There are 2 protein chains.
Amino acid sequence: MSSHSHHTIRQAILDRIQTGEWALGELIPGEAMLADEYGCARTTINRALQGLANDGVVIRKRKGGTRVCDMPVRQAKFNIPVVREQVEALGSVYRHQVTRRVEKAPPTAVQKRLGLAPGTKSLQLDTVHLADDRPFAFETRWVNTRAVPAILDAPLDEISANEWLVQTVPFSSGDVVFCAVNAGKDVAEALGAREGAAVFVIDRTTSLAGEFITTMQLYYREGYQLHSQL
Amino acid sequence: MSSHSHHTIRQAILDRIQTGEWALGELIPGEAMLADEYGCARTTINRALQGLANDGVVIRKRKGGTRVCDMPVRQAKFNIPVVREQVEALGSVYRHQVTRRVEKAPPTAVQKRLGLAPGTKSLQLDTVHLADDRPFAFETRWVNTRAVPAILDAPLDEISANEWLVQTVPFSSGDVVFCAVNAGKDVAEALGAREGAAVFVIDRTTSLAGEFITTMQLYYREGYQLHSQL
DNA sequence: TTCGATATGTTGTATGCACATAATAATCTT
DNA sequence: AAGATTATTATGTGCATACAACATATCGAA
C-alpha cells in the first residue's frame, strides 16, 4: 500500500483491466473510490488514469466517469529515424549520393501538396542512401524554397537533405503514409533491385507553422521492415 | 490566464522551440525561471515540460535540466484498426470467410514465436476479409490454444478471430512489423491479385502476461495505405 | 400533464505548495 | 591526489484545494 507512485497505481489498474476485472467499455470506479482503495490522494489516481487515457487504454468523460476503452484499435508508436542512423545502427558505413538536383516547377500533384502557386519553382532532389556502398534506400524529394531558401546554399553532398532539414527546421509537423509498391524502372535502378520488386515506401510531407516545407518519398530496399512495440 | 494554463504554456514553449529560440540539443531554462517568466507555479511548468517530454520533444534529467531533444527521429502514432472497421469506414459491406481451420503442430518458426514446446498443437486459421464481396485482406494466423482454449468453441464464422481475440483478451501487448512483399501464389489467389504484386503486410504477435497468444500476418490488397499524423 | 429552465451533485481538470529524489559540484579527509 | 562526504540545484511526486462540465433531478408555469 505504500508504493504510492502514480506509476505503480497506473500499472496496478492496467493489470486489473488486463485480467478482465473490468470488461471492455465498462465503467471503472471513480477517482475517489480508487483513491480510498489505494490509500492515496485523488490527484494521484487522476494522474494514473490520465496516463492510461493518453495511451488509449481508457476514455474519460466529465461526469461520465472513466471507462475501459472499447476501441478495438490498437495504437502503435513508431520511431521514424534518419536513414543514416538506420544504416549505422546496422553496423554499416553510411554514404549518400545526390543523383538529381534541379530547380523547376513541380508537377501539379506536388504543387498542391506543398501549397504552391502554379509555376512556382521548387528544388527537386533525388538521393540514393548507401549502406557499405550498397543501395539501401532511394529518396525523391521536393523542397519548398520559399519556406527554406537557405537550402540552396546547403552542402548537400556532405549532409543529406533530410538531415539538413531536420537540423534547420526541427519539429515540423506533417503526415506520413506507409505503403507497398512494385518498384518502377527508376526506383529499381536506383536500388539495384529488379523491376517489380515489392518495396516499402514512406511518404512524408512536413510543414511548419502552416507552411509546407518538403514532401518526400523514401523507397526502401526489399526486405526492409518497420518494427514497433505496441 | 485562465484554466488551460499548462496546455497554453506547453504550446508556448513548443513554439519557442520551433522558432529556433532554443536550438537542437540545447538546454532550455529551468522550471523555476520559466515559472517566473510565465507567472505561474513551478509545478505548472513541470506539467507542460513533462508533456513535451512525453511527446519526445524534450529530454529531461534531474539536475541536468531540460534540453531540446536532439534525436532526429520523429515519432508517429498509428491506429491499427480491426479490419472490419476499416472496411466499414470505407462504406463497404464487410464479410469474412475462414478458408482454413486446422489444429496441428506449427512450423518451428511459429512454434518459437509462440514459445511453444515442440510438437504442441495450435490452431491455424486463414481468413479472407471481404469488402463488398471483393477480397480486401488476407489473414493467416496461429493461435496458442493453451493460452486461449475457448477459441476452439468460438463461432468464427460469425465473428472474425481477430475480433474475438480483441474482445476476449483485450489489451494484450506485443509487437508489430510492417513490410512489403511480393504476393506469393497463395496470397495472390486469396486476394484476387496477380502473383508478384506488392502487398503491404502487418505482422503482429501478441502476448498477455508473458504468455504468447497469437501470431498473425495480414496481407492487404494492393494500394493499401497506412496513414498517420506526426 | 408537459415542457423548459434551473438547481444540484458527481466526476474529471487544474494549480500551487511542500517535500522527495537524483545527479552533479564542491569540499573535506587521508 | 584519490576517495568519501556534503552541498547545491535541478526535476519528480503527493496532497489539498478550487474549478468546470455534464447528467440528472427538481421545480414552476402554461
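Order of the sequence lines fixes the chain letters, A, B, ..., with proteins taken first and strands second; residue numbering starts at 1 for each chain. All of these numbers come straight from a predicted model, not from anything done at the bench. No hydrogens, no waters, no symmetry mates; every other heavy atom, side chains included, goes into these values.
Checked by atom type and distance alone, the side chain of A:Thr19 pairs as donor or acceptor with a backbone atom of A:Asp15 at under 3.5 Å. Side chain of A:Asp132 to main chain of A:Ser92: no donor-acceptor pair is present (N/O by atom type, distance under 3.5 Å, no hydrogens or angles).
Contact annotation: B:Arg60 reaches the phosphate of D:dG12 (side-chain N/O to OP1 or OP2, under 4.0 Å).
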Side-chain donor-acceptor distances from residues 149-158 of chain B under 3.5 Å, at least two apart:
none

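Among residues at least two apart or in separate chains, ring pair (Phe, Tyr, Trp, His ring centres under 6.0 Å) pairs with a member in residues 130-149 of chain A are A:Phe136-A:Tyr220.
At whole-Å resolution of the value, CD1 in B:Ile28 and P in D:dA10 are 13 Å apart. The separation between A:Arg47 atom CZ and D:dT13 atom P is 7 Å, rounded to whole Å. B:Asp36 has its CG atom 15 Å from the C1' atom of C:dG16, to the nearest Å. Taking atom CG of B:Leu27 as the reference point, atom C1' of D:dT11 lies 12 Å away to the nearest angstrom. In this entry the distance linking OH of B:Tyr38 with P of C:dA14 reads 18 Å, nearest Å. Atom pair A:Ile9:CD1 and D:dG14:C1' shows a separation of 10 Å (rounding to whole Å applied). When rounded to the nearest whole Å, the span between CD1 of A:Ile45 and C1' of D:dG14 equals 12 Å. Straight-line distance from the CD atom of B:Gln50 to the C1' atom of D:dT11: 8 Å, rounded to whole Å.
Within 4.0 Å of B:Thr44, counting heavy atoms only, lie sugar-phosphate atoms of the nucleic acid but no base atom. Contact annotation for B:Gly65: backbone-only contact, meaning every heavy-atom pair under 4.0 Å involves sugar-phosphate atoms and none involves a base.
Both B:Thr43 and B:Ala32 lie near DNA chain D, and the one whose nearest nucleotide falls closer to the 5' end is B:Ala32.
Taking 3.5 Å as the limit, the base of D:dA10 and the side chain of B:Thr66 contain no donor-acceptor pair of atoms between them. Side-chain N/O atoms of A:Arg42 and base N/O atoms of C:dT13 include a donor-acceptor pair closer than 3.5 Å. Side-chain atoms of B:Arg62 come within donor-acceptor range of the base of C:dT21, with a qualifying N/O pair under 3.5 Å.
You'll find that the side chain of A:His7 is closest to D:dT13, out of D:dC15, C:dT13, D:dT13. Of the listed nucleotides (D:dG12, C:dA14, C:dC17), D:dG12 has the atom at the smallest distance from the side chain of B:Glu31. The A:Cys40 side chain lies nearest to D:dC15 when the options are D:dC15, D:dG14, D:dG12.
For B:Asp133 and B:Arg95, the salt-bridge test passes: some basic side-chain N is under 4.0 Å from an acidic carboxylate O. Residues B:Glu163 and B:Arg84 are paired through a salt bridge, judged by an N-O separation under 4.0 Å between the basic side chain and the carboxylate.
Checked against a 6.0 Å centroid threshold, the rings of A:Phe178 and B:Phe200 do not count as neighbours.
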Taking only N/O atoms, report every protein-nucleotides 5-9 of chain D pair under 3.5 Å with atom names and distance.
residue	atom	partner	partner atom	Å
D:dT9	O4'	B:Lys63	NZ	3.4

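B:Arg113 and B:Asn144 are not linked by any side-chain donor-acceptor pair at a separation below 3.5 angstrom, with hydrogens and angles left out of the test.
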